Amino acid sequence: MFSFFNRLFPFARHITSSRSVSTYCEMADPSSFSNHLNVVIRSTKLDWKVDMEGKKLGGSVEHEVEGLTDAKEVILDARDLNVERVLWEGLETPFKYDKISASLGDRLSISIPLVSKGDRGVLSIVYSTSSSARALQFLSPAQTTDNKGPFLFSQCQAIHARSIVPCQDTPAVKAKYSSKVTVPAGLTCLMSAISTGKDTSGQGEWTFSFHQDIPVPSYLIAIVVGVLERREIGPRSAVWAEGSVVDTAAKEFMETEEFLKAAEEICGEYVWKRYDLVVLPKTFPYGGMENPCLTFVTPTIIAGDGSLVSVVAHEIAHSWTGNLVTTANWDHFWLNEGFTVYLERKINEKVYGRPRRYFDAKEGFESLGETLKFVLPEHSKLRQHLGGIDPDDAFSSIPYEKGSSLLLYLEQEVLSEGESGSFLRDHVRLFSSKGLDTETWLTSMKERFPRMKEHEEIVNEWLYGEGMPPRTPKFIDDSMVVECNKVIDNVLSSSPSSQLFSSLTTTQKIFVLSSLCAKAPFDHAKMEVLASAPFGISSSINCEILSPWIKLGLTSQWEPSIPVALQFAKEYGRLKYCKKTYGLLFAWEKSRVLAMDQFEREKVNMHPITVQQVESLLNKYK
Ligand SMILES: CC/C=C\C/C=C\C[C@@H](O)/C=C/C=C/C=C\[C@@H](O)CCCC(=O)O
Ligand SMILES: [Zn+2]
């Protein structure tokens, strides 16, 4: 079964690899059924044919696996897959497919000849996805912006890769991957990898191939297929989008290379070669997704004035924190997101100046108060114990803002100036390439920084406690905030002035509206004034202005906000807007039925992840 060479030199391929580092973490993952502590996937080959009509991916996957212990089976994660055949080293082998749980999906158990530590073999699985795969959204031409062709995109974080490929769907395992994808002629296919060729000679079908030679966790496998155009925006970057969007997007993202250079000054070399972006349809559930080589973004960050491109800085930051230093499992998600927000704001400080860093940090910290109103107490902790729940159900801004504020506190109270200058670069050097958990990180911090001892109680409360952090970091430059506070006081006064509001930057207007939400409800006379043309709020196309404005109106039970909210929730599938707005519409008896009826009608046009999340809100009222 195993080549003689393998038995003699089981790690031979490691010796030749450029990055012979361990790419698996010896920690079980409560969100995965895989036996990745016994056998680990080292590389994956995908061979997919995209069936746009049938809304399915079909084909095969080859996993090269390596024994870590004696083992006679490989257990993989799956969800709603149709597995036809399984081969081990080219020979048919028995397998069992069990549906286990709604939250974690299914288990594929594959019998193999006994393998021991260091043994390697190739597992080949012929399969197809279901037409309702949780990670995928297929759109008809009519559902896209330009109506020029069908569209497909994936979202695998946190545990949706299992709905498109049987795999070890845990961030504890990182593997290289290559792929060959066949799509209907005329459509472009992109993946979270480097393109290694395309064949567009076919009349009916085109084929694209990719290779990701840096080991990545399964949640970073990504695919997009559609009628896409490309514009160069830097020496290692391009933006892809539908034709009517691509030029506006290219203009909006012109600072991308500046963000990349700033991040490299902080963390070291950008190792992923390409940094491209693809603008997805409005149904994309998130602001951005850090798929390597190809960040996925929502069109809602194209505001026209660059006010929302921090999402790009955030996804670029993930190229180090998250994609190199990766959480061992979803209990420690804050290590991905808290570090990334902390790095994002240091990038912004280099590009926009120090006031912006502390302005964003203050706004994020203060937003925690609002967030805590909608999050279960156990999900307000940084270090989670998710057990068998779907990580999506625990998602909120807590890991982002509570996590990054802890790092800002440590920078100010524990690290010396020199130590904070190299803190992130050292973090990447120490923890790249295999899963990191909170306790390993904390132990390392105590070993490297003796002053941690003086703050042990505070840090433990920050990591393991519920609710607001035990301390407030210092927002040492409040120049951008002072102007906002004047306008907030003015808006709360008996005669709000639109001139004052109009004098703010878009970023400051977002801060003001976000702060006003924490002071709602307002009387309807105040809402009428704020809705007037001179304020320009209700006519804004900026979703980061519209979203808090709608929240203000619904929280104040101001009826004119109902039709605006319904349209906003229908038009944008970004969970940050859609879930929040539907939640507020369901909560108000006057708008509940209208919202429920609209949701039932619109489900068919929504991403499965978004449907799942809005439905979880609806169930409270059934
Ligand atoms: C405590 C939470 C524990 C685990 C959650 C893990 C993953 C959550 C899953 O829902 C995936 C999230 C993906 C997020 C992608 C991009 C975000 O950074 C965007 C944040 C919100 C937005 O701007 O739209
Ligand atoms: Zn992130």
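All values derive from a computational prediction rather than experimental measurement. Computed from heavy atoms alone, side chains included, the values below leave out hydrogens, waters and symmetry copies.
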[X] (side chain) donor-acceptor with [Y] (main chain) under 3.5 angstrom:
{"X": "E417", "Y": "E419", "value": "no"}
{"X": "T327", "Y": "H332", "value": "yes"}
{"X": "S154", "Y": "I223", "value": "yes"}
{"X": "K174", "Y": "I214", "value": "no"}
{"X": "Q168", "Y": "V39", "value": "yes"}
{"X": "N291", "Y": "S192", "value": "no"}
{"X": "R383", "Y": "E439", "value": "no"}
{"X": "N542", "Y": "A303", "value": "no"}
{"X": "Q508", "Y": "M480", "value": "yes"}
{"X": "K402", "Y": "L368", "value": "no"}

Kindly determine whether L37 and T69 satisfy side chain to side chain contact (heavy atoms under 4.5 Å, CB included), including the steps that lead there. CA-CA 8 Å; L37 299 180; T69 65; over 6 Å; no

Should T298 and R574 be marked as a side chain to side chain donor-acceptor pair (under 3.5 Å) after you check the CA-CA gap, both sets of side-chain angles, and the distance that decides it? CA-CA 7 Å; T298 168; R574 182 176 176 182; 5.1 Å; no

For the residue pair [X] and [Y], what are the closest heavy atoms and their distance?
{"X": "T326", "Y": "P217", "result": "CG2-CG, 4.2 Å"}
{"X": "F253", "Y": "V239", "result": "CD1-CG2, 4.0 Å"}
{"X": "C167", "Y": "S218", "result": "SG-CB, 4.1 Å"}
{"X": "G306", "Y": "E252", "result": "N-OE2, 2.8 Å"}
{"X": "S195", "Y": "F210", "result": "CA-CD2, 3.7 Å"}
{"X": "C156", "Y": "A135", "result": "SG-CB, 4.3 Å"}

Among W462, F449, Y409, find the one that has a ring pair (Phe, Tyr, Trp, His ring centres under 6.0 Å) with H455. Y409

Taking NZ in K373 as the centre, count heavy atoms belonging to other residues, nucleotides or ligands within less than 6.0 Å. Is the count above 12? yes

Would you call [X] and [Y] a side-chain contact if the rule is heavy atoms closer than 4.5 Å?
{"X": "L430", "Y": "R448", "answer": "yes"}
{"X": "F374", "Y": "H379", "answer": "no"}
{"X": "P391", "Y": "F333", "answer": "no"}
{"X": "Y400", "Y": "T340", "answer": "no"}
{"X": "V65", "Y": "I41", "answer": "yes"}
{"X": "F511", "Y": "I488", "answer": "yes"}
{"X": "M452", "Y": "L410", "answer": "yes"}
{"X": "F423", "Y": "E411", "answer": "no"}

With side chain to side chain contact (heavy atoms under 4.5 Å, CB included) as the test, would you mind laying out the steps for D393 and Q613 before giving the verdict? CA-CA 7 Å; D393 294 338; Q613 288 302 308; 2.9 Å; yes

[atom1]/[X] to [atom2]/[Y] distance, rounded to the nearest 0.5 angstrom?
{"X": "S32", "Y": "D77", "atom1": "OG", "atom2": "CG", "value": "3.5 Å"}
{"X": "L575", "Y": "T581", "atom1": "CG", "atom2": "OG1", "value": "11.0 Å"}
{"X": "H211", "Y": "M191", "atom1": "NE2", "atom2": "CE", "value": "12.5 Å"}
{"X": "T507", "Y": "I545", "atom1": "OG1", "atom2": "CD1", "value": "9.0 Å"}
{"X": "E366", "Y": "M468", "atom1": "CD", "atom2": "CE", "value": "8.5 Å"}
{"X": "R230", "Y": "L277", "atom1": "CZ", "atom2": "CG", "value": "11.5 Å"}

Full working for salt bridge (charged side-chain N to carboxylate O under 4.0 Å, His left out) between K446 and E456: CA-CA 9 Å; K446 290 176 182 173; E456 186 164 12; 3.0 Å; yes

Strictly below 4.0 Å, N to O, side chains only: are E544 and K576 in salt-bridge contact? yes

Taking 4.0 angstrom as the limit, do K486 and D489 come out as a salt bridge? no

Can you list the residues that meet the side-chain contact (heavy atoms from CB on, under 4.5 Å) rule with Y270, with sequence neighbours excluded? R236, L260, E264, W272, Y275, S319, W320

Have a look at Q384 and tell me which of I398, N329, T438, D331 forms a side chain to side chain contact (heavy atoms under 4.5 Å, CB included) with it. D331

Side chains of [X] and [Y], donor plus acceptor under 3.5 Å:
{"X": "D360", "Y": "Y352", "result": "no"}
{"X": "S310", "Y": "R356", "result": "yes"}
{"X": "E337", "Y": "H318", "result": "yes"}
{"X": "T371", "Y": "S396", "result": "no"}

What do the steps show when you test C267 against L343 for side chain to side chain contact (heavy atoms under 4.5 Å, CB included), and what is the final call? CA-CA 9 Å; C267 289; L343 174 52; 3.6 Å; yes

Take W334 and L406 through the side chain to side chain contact (heavy atoms under 4.5 Å, CB included) test and state the conclusion after the steps. CA-CA 10 Å; W334 84 271; L406 168 59; 4.0 Å; yes

Apply salt bridge (charged side-chain N to carboxylate O under 4.0 Å, His left out) to the pair E413 and K474, showing each step before the final yes or no. CA-CA 10 Å; E413 306 299 335; K474 299 182 188 79; 2.4 Å; yes

Test F296 against F153 for ring-ring contact (aromatic ring centres under 6.0 Å, His included), laying out the working first. CA-CA 9 Å; F296 285 22; F153 65 87; 7.3 Å; no

Is the ring centre of F339 less than 6.0 Å from the ring centre of F431? no

CA sep, side-chain torsions, deciding dist, call: E401, R345, salt bridge (charged side-chain N to carboxylate O under 4.0 Å, His left out): CA-CA 11 Å; E401 296 301 346; R345 289 176 178 154; 2.8 Å; yes

